[in-house]
Amino acid sequence: MARSNLTSVTEFILLGLSSRPELQVWLFLLFLVIYLMILLGNLLIVLLVLVNTSLHTPMYFFLTNLSIIEVCYTSCVFPQMLEHFFAERKSISYSCCVTPVYSFLSFGIAECCILSVMAYDRYVAIRDPLRYSVIMNRGVCVRLVTVSWMGGFVASMVATIATFQLSFCRDNVINHFLCETPALFRLSCTDTSQAEIITLILCVLTLLCPVIFITFSYTHIINIVLRIRSAHGHRKAFSTCSSHLLVVILFFVTVMSLYMRPKSLYSPEKDKIITVFYVAFTPTLNPLIYSLRNKEVKIALLKLLGKTRDT
């Protein structure tokens, strides 16, 4: 049967987070506040790094890119989610489903790469502090960030093409609040094994490999720190890495539990909760983690507030 005869679905219906009408206003307000906090927190990090020369270091250059990525990938989800809270028919056209899937995957994969780069940066800073600025020079940092962004765009293109080459000719109802590849696989009326294999390979490359690399980096970091004799040195080294490690754990645990779990564990309601966690709460917590646990960021924020009051 020709693909044109199979693909009859022209739009998808998203069931959203809840079907209870009395909750829609409260959910709208909750996620509006969360979205504004994500924008404010991450854009504030970007602003602080731009206006403070003391933060013009590789670590904060990578942190700036991480904040930009989080603003971008949450902006792929929240505007449509907020609109659907008040929509009687939560529909999205077939063509409009492609763009959010590609964009969401692009920024998500780029974030995995940036978190790996940040782990390498912390490893270099602790292993060889005297040569840190030479090893992690401006050119190296720019190349690492460029590869991270390009890796996200290329890998997500492969995943998106594999997903939307499938045919959808029966059910068009997605029990979710956004178009996601696992949900789309379950709607397809053709064999999804090839697309699932491609997705699995990409998950190994963009999720599992970064986790292994980060684990390897922090194993070496811990070994180096344990050889430091002074308590002050221990505290300084761990404070340098603890913020990044906490962000890594929050992000990768939630994403891997969604994209790298057996089919037998599939649950639409659990999927929505997991997705909310890494789409909403992790980007909200990241600026707080980096600002509250980082003395340099707090000093930069106080300086910015002082300048604002003076003017």
Side-chain angles (χ1 to χ4, degrees), residues 7-46 67-108 111 156 159-160 163-164 166 168-188 250-251 254-255 257-259 266-288:
T7 305
S8 56
V9 170
T10 58
E11 67 175 7
F12 296 102
I13 306 298
L14 301 173
L15 295 184
L17 278 173
S18 173
S19 58
R20 297 172 61 182
E22 67 273 15
L23 293 180
Q24 301 306 307
V25 173
W26 297 109
L27 288 172
F28 173 83
L29 293 174
L30 172 63
F31 284 97
L32 177 62
V33 170
I34 291 173
Y35 186 43
L36 293 176
M37 288 177 63
I38 292 171
L39 294 179
L40 178 62
N42 285 284
L43 292 177
L44 182 59
I45 292 288
V46 175
S67 294
I68 293 171
I69 287 171
E70 295 197 323
V71 168
C72 290
Y73 92 75
T74 52
S75 295
C76 297
V77 176
F78 274 85
Q80 181 190 76
M81 184 199 300
L82 293 172
E83 178 187 348
H84 279 181
F85 282 129
F86 293 110
E88 291 185 9
R89 194 168 184 271
K90 301 176 176 65
S91 63
I92 180 171
S93 69
Y94 182 92
S95 58
C96 288
C97 189
V98 177
T99 302
V101 167
Y102 173 72
S103 302
F104 187 70
L105 289 175
S106 295
F107 297 123
E111 177 158 357
S156 63
T160 305
T163 301
F164 287 96
L166 300 173
F168 304 94
C169 53
R170 294 195 296 267
D171 190 8
N172 68 335
V173 178
I174 301 176
N175 189 5
H176 214 300
F177 57 87
L178 55 84
C179 285
E180 262 202 324
T181 50
L184 290 169
F185 288 160
R186 285 182 282 274
L187 291 184
S188 177
L250 288 172
F251 180 78
T254 52
V255 175
S257 65
L258 183 64
Y259 285 96
Y266 167 70
S267 168
E269 299 306 319
K270 288 182 181 178
D271 277 12
K272 286 190 277 190
I273 293 172
I274 294 170
T275 305
V276 164
F277 193 86
Y278 80 81
V279 168
F281 293 110
T282 304
T284 306
L285 292 173
N286 284 358
L288 296 176

First locate atom CG of L43, then atom CD1 of I38, and finally report the distance between them rounded to the nearest 0.5 Å. 11.0 Å
Determine whether F86 and V25 make a side-chain contact, defined as any pair of heavy atoms from C-beta on separated by less than 4.5 Å. yes
Are the side chains of L250 and F281 in contact, using a 4.5 Å heavy-atom criterion? no
Looking at S257 and T254, would you say the former's side chain and the latter's main chain have a donor-acceptor pair under 3.5 Å? yes
Between F78 and Y35, how do the two ring planes meet: parallel, tilted or perpendicular, split at 30° and 60°? parallel
Measure up the Y73 and Y278 rings against each other and bin them: parallel (under 30°), tilted (30 to 60°), perpendicular (over 60°). tilted
Are I174 and I92 side-chain neighbours, meaning at least one heavy-atom pair lies under 4.5 Å? no
Checking F164 against C97 for the side-chain contact (heavy atoms from CB on, under 4.5 Å) test, could you report, in this order, the C-alpha distance in whole Å, the side-chain angles of both residues, the deciding distance, and whether it holds? CA-CA 10 Å; F164 287 96; C97 189; 4.1 Å; yes
Could you walk me through whether V33 and L29 pass the side-chain contact (heavy atoms from CB on, under 4.5 Å) test, one step at a time? CA-CA 6 Å; V33 170; L29 293 174; 5.5 Å; no
Hey, mind stepping through L187 and N172 against side-chain contact (heavy atoms from CB on, under 4.5 Å) and telling me if it holds? CA-CA 7 Å; L187 291 184; N172 68 335; 5.5 Å; no
Side chains of L184 and L166: closer than 4.5 Å at any heavy-atom pair? no
Can you tell if the side chain of F277 reaches within under 4.5 Å of the side chain of I274, non-hydrogen atoms only? no
At what distance, to the nearest 0.5 angstrom, does NZ of K272 lie from NZ of K270? 14.0 Å
Can you tell me how far CZ of F12 sits from SG of C96, rounded to the nearest 0.5 angstrom? 11.5 Å
Output for pair (F185 CZ, E180 CD), nearest 0.5 Å, gives 11.0 Å
Could you tell me the separation between the OG atom of S156 and the CZ atom of F107, rounded to the nearest 0.5 Å? 9.0 Å
Side chains of Q80 and L14 in contact at under 4.5 Å (non-hydrogen atoms): yes
Please give me the minimum heavy-atom distance between C76 and P100, naming the atom from each residue. O-CB, 4.3 Å
Could you report the tightest heavy-atom contact between R20 and E22, atom names first, then the distance? NE-OE2, 2.9 Å
Report the C-alpha distance between L39 and S75 in whole Å, list the side-chain angles of each, state the deciding distance to 0.1 Å, and finish with yes or no for side-chain contact (heavy atoms from CB on, under 4.5 Å). CA-CA 9 Å; L39 294 179; S75 295; 4.2 Å; yes
Any heavy-atom pair between the side chains of R89 and I13 that's under 4.5 Å? yes
Would you call L32 and L36 a side-chain contact if the rule is heavy atoms closer than 4.5 Å? yes
Just by distance, do the side chain of N286 and the backbone of N42 share a donor-acceptor pair under 3.5 Å? no
When you measure from the side chain of K90 to the backbone of F177, do you find a donor-acceptor pair of N or O atoms at a distance under 3.5 Å? no
Of all the heavy-atom pairs spanning H84 and S91, show the shortest one and how long it is. NE2-O, 3.6 Å
Nearest-0.5 Å distance, CD1 of residue I68 to CD1 of residue I45: 11.5 Å
